[in-house]
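Since the structure comes first, as structure tokens, the remarks are kept for the end.
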2 protein chains.
Amino acid sequence: MIPRKTIYRLSIYLRCLARLRENSIGTVSSEALAKAAGVKPTQLRKDLAYFGTFGTRGLGYDVNELLQKISEELGTSSLQPVILVGVGNLGLALLSYRGFEKEGFEIIAAFDTDPDRKRDKKISQPIFGMHDMPKFIREKNVKMAILSVPPAVAQNVVNTLVDTGIAGILNFAPIVLAVPEDVMVNNVNLAIELENLSYFIQG
Amino acid sequence: MIPRKTIYRLSIYLRCLARLRENSIGTVSSEALAKAAGVKPTQLRKDLAYFGTFGTRGLGYDVNELLQKISEELGTSSLQPVILVGVGNLGLALLSYRGFEKEGFEIIAAFDTDPDRKRDKKISQPIFGMHDMPKFIREKNVKMAILSVPPAVAQNVVNTLVDTGIAGILNFAPIVLAVPEDVMVNNVNLAIELENLSYFIQG
DNA sequence: AAGTGTTTGTGAATTATTTCACAATGGCAG
DNA sequence: CTGCCATTGTGAAATAATTCACAAACACTT
Ligand SMILES: NC(=O)c1ccc[n+]([C@@H]2O[C@H](COP(=O)([O-])OP(=O)(O)OC[C@H]3O[C@@H](n4cnc5c(N)ncnc54)[C@H](O)[C@@H]3O)[C@@H](O)[C@H]2O)c1
Ligand SMILES: NC(=O)c1ccc[n+]([C@@H]2O[C@H](COP(=O)([O-])OP(=O)(O)OC[C@H]3O[C@@H](n4cnc5c(N)ncnc54)[C@H](O)[C@@H]3O)[C@@H](O)[C@H]2O)c1
């Protein structure tokens, strides 16, 4: 069982390796890669050891090979379809962001109670009403959703998502969502991040 | 020394307590509050024990008192000024968000290389050029910044921020920032969050 | 082909965090 | 005022994560 935190770091290593490849760097030592990722070399090596041994002693890691192996381990090799619910200020920013595709994700559609008012914007994804959501999720076999609706309705929307087969939710609403234990929620709570910063820069 | 993770959870408790207060609930047991926060009761009690004892055995915690105490501990009692750098899609969404004030933060100004093109939007904060930033930070004694600039320029902007006295950065650019160790960076990397979800819903 | 210098991989040690288990406490009913 | 009951606070135990320390492996030089 690979620790949760290791999985997070694998994602970071992946991005550092991608940059190295862009710069035509063929091999990298655990020391150099760890530095780029902001961790200690031993931690990097331990993280990799959870699922294989890829390095050459005395030399380091082959950038392409390691990229490939981490990618496989994370299952990022194939493009994952994602939907977004709640096309407000934040939802629109996310929809117009072109950075997800090259990381292996694609927001294929958005849903909102009021889809028509949003439609005039310069975004490429279709925006549907909430009524169309269950059918869409089932037909396209979507497993992940980004939730950017007001907190007051978030639990309600989540219940629908879960009933319809969504297994992973990236939640921006500042509330704790109740979900069955086979559904995973990652919360992004910006107020808490700020509060956290504020605490540590004072104390 | 209070664990880092405890501090995160204190912020969550705070929000749960705020909701209880809105619903005119005066006391709460560790069991009920823990459930609302999505943690185990013993963990909640241990978290509180790090900085005091506030409960009444047989009864639970006084909602108002606990709210007050956690707030003090986190230093959220006073409003913290924050600046935002990079008024693009994401930056605009953050600027227009009215939810930070009631959590103790206020984005008092924004900065961008191209401030004039953004000025027509319906946001209340002033947008200045990058040239004005150092002076502003020093004069207003701002300690925290939200960074939503393109990744290619992020390190550069951070260097300026750090030189000017910023001690806490909430970073949305998908790169690892290098900062002196007395500066704290909290990263919000949405691609990594998605990748993480994707891993755990499959494996 | 041997020697040298680097860097990996990994058990063991350390440190951090969570959970357990239960004695101590105070509210409340009678 | 006494005893019961619910609930806290907390050492101790368990679990998880990080760091250390070093032998093993390989590249590279001569
Ligand atoms: N905007 C930010 O910068 C920011 C920052 C932190 C947190 N958040 C959180 O993110 C969420 C979205 O924020 P926002 O600023 O975009 O809000 P918003 O009000 O601009 O957008 C919310 C959208 O959800 C839609 N909606 C409402 N009820 C719905 C329902 N039942 N089903 C589907 N859609 C529904 C609305 O039509 C609207 O388009 C909120 O929970 C907010 O607290 C936002
Ligand atoms: N938009 C999203 O949903 C989203 C999602 C995940 C990550 N991000 C990340 O957040 C950051 C911002 O994303 P965005 O979509 O808002 O990008 P954007 O291109 O819309 O906005 C970037 C803004 O930064 C300004 N800028 C450029 N160089 C600058 C400099 N040197 N100093 C100050 N300002 C400068 C630009 O003028 C522009 O207004 C990026 O790093 C992006 O990768 C965005």
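Just so we're clear, the structure is a prediction, and the values are computed from it rather than from any experiment. Here is the naming used below: chain letters follow the sequence lines, and residue numbers restart at 1 for every chain.
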- Taking E103(A) for the side chain and I192(B) for the main chain, is one N or O donor matched with an acceptor at less than 3.5 Å? no

- Give a yes or no answer on whether the side chain of S148(B) reaches the backbone of G86(B) with a donor-acceptor pair at less than 3.5 Å. yes

- Closest to the 5' end of DNA chain D, once T56(A) and K46(A) are matched to their nearest nucleotides, is K46(A)

- Task: Could you pick out which residue, R9(A) or T42(A), lies toward the 5' side of DNA chain D when each is mapped onto its nearest nucleotide?
- Result: R9(A)

- Message: For a quick check, tell me whether the side chain of R57(B) and the base of dT8(D) share a donor-acceptor pair closer than 3.5 Å.
- Response: yes

- Counting any heavy atom closer than 4.0 Å, what does S29(B) reach on the DNA or RNA strands: base, sugar-phosphate only, or nothing? sugar-phosphate

- Query: With under 30° as parallel and over 60° as perpendicular, where do the rings of F136(B) and F128(B) fit, or are they tilted in between?
  - Reply: tilted

- Query: How are the rings of F51(A) and F54(A) set relative to one another: parallel (under 30°), tilted (30 to 60°) or perpendicular (over 60°)?
  - Reply: tilted

- Message: Please report the interatomic distance CG(N89(B)) to CG(L95(A)), rounded to the nearest 0.5 Å.
- Response: 10.5 Å

Rounded interatomic separation in angstrom, taking [atom1] from [X] and [atom2] from [N]:
X      : N       : atom1 : atom2 : answer
L59(A) : dA25(D) : CG    : C1'   : 12 Å
F54(A) : dC26(D) : CZ    : P     : 16 Å
K69(A) : dG9(C)  : NZ    : C1'   : 16 Å
L48(A) : dT8(C)  : CG    : P     : 10 Å
L44(A) : dT7(C)  : CG    : P     : 14 Å
I7(B)  : dA16(C) : CD1   : P     : 15 Å
E31(B) : dA6(D)  : CD    : P     : 12 Å
F51(A) : dG9(C)  : CZ    : P     : 11 Å

Under 4.0 angstrom between [X] side-chain N/O and [N] OP1 or OP2:
X      : N       : result
R45(A) : dT8(C)  : yes
Y61(B) : dG9(D)  : yes
K5(A)  : dA17(D) : no
S30(B) : dT8(D)  : yes

- With DNA chain C as reference, determine whether G58(A) or G58(B) sits nearer its 5' end, using the nearest nucleotide of each. G58(A)

- Query: Picking from dC28(C), dT10(D), dG9(C), which would you name as closest to the side chain of T53(B)?
  - Reply: dT10(D)

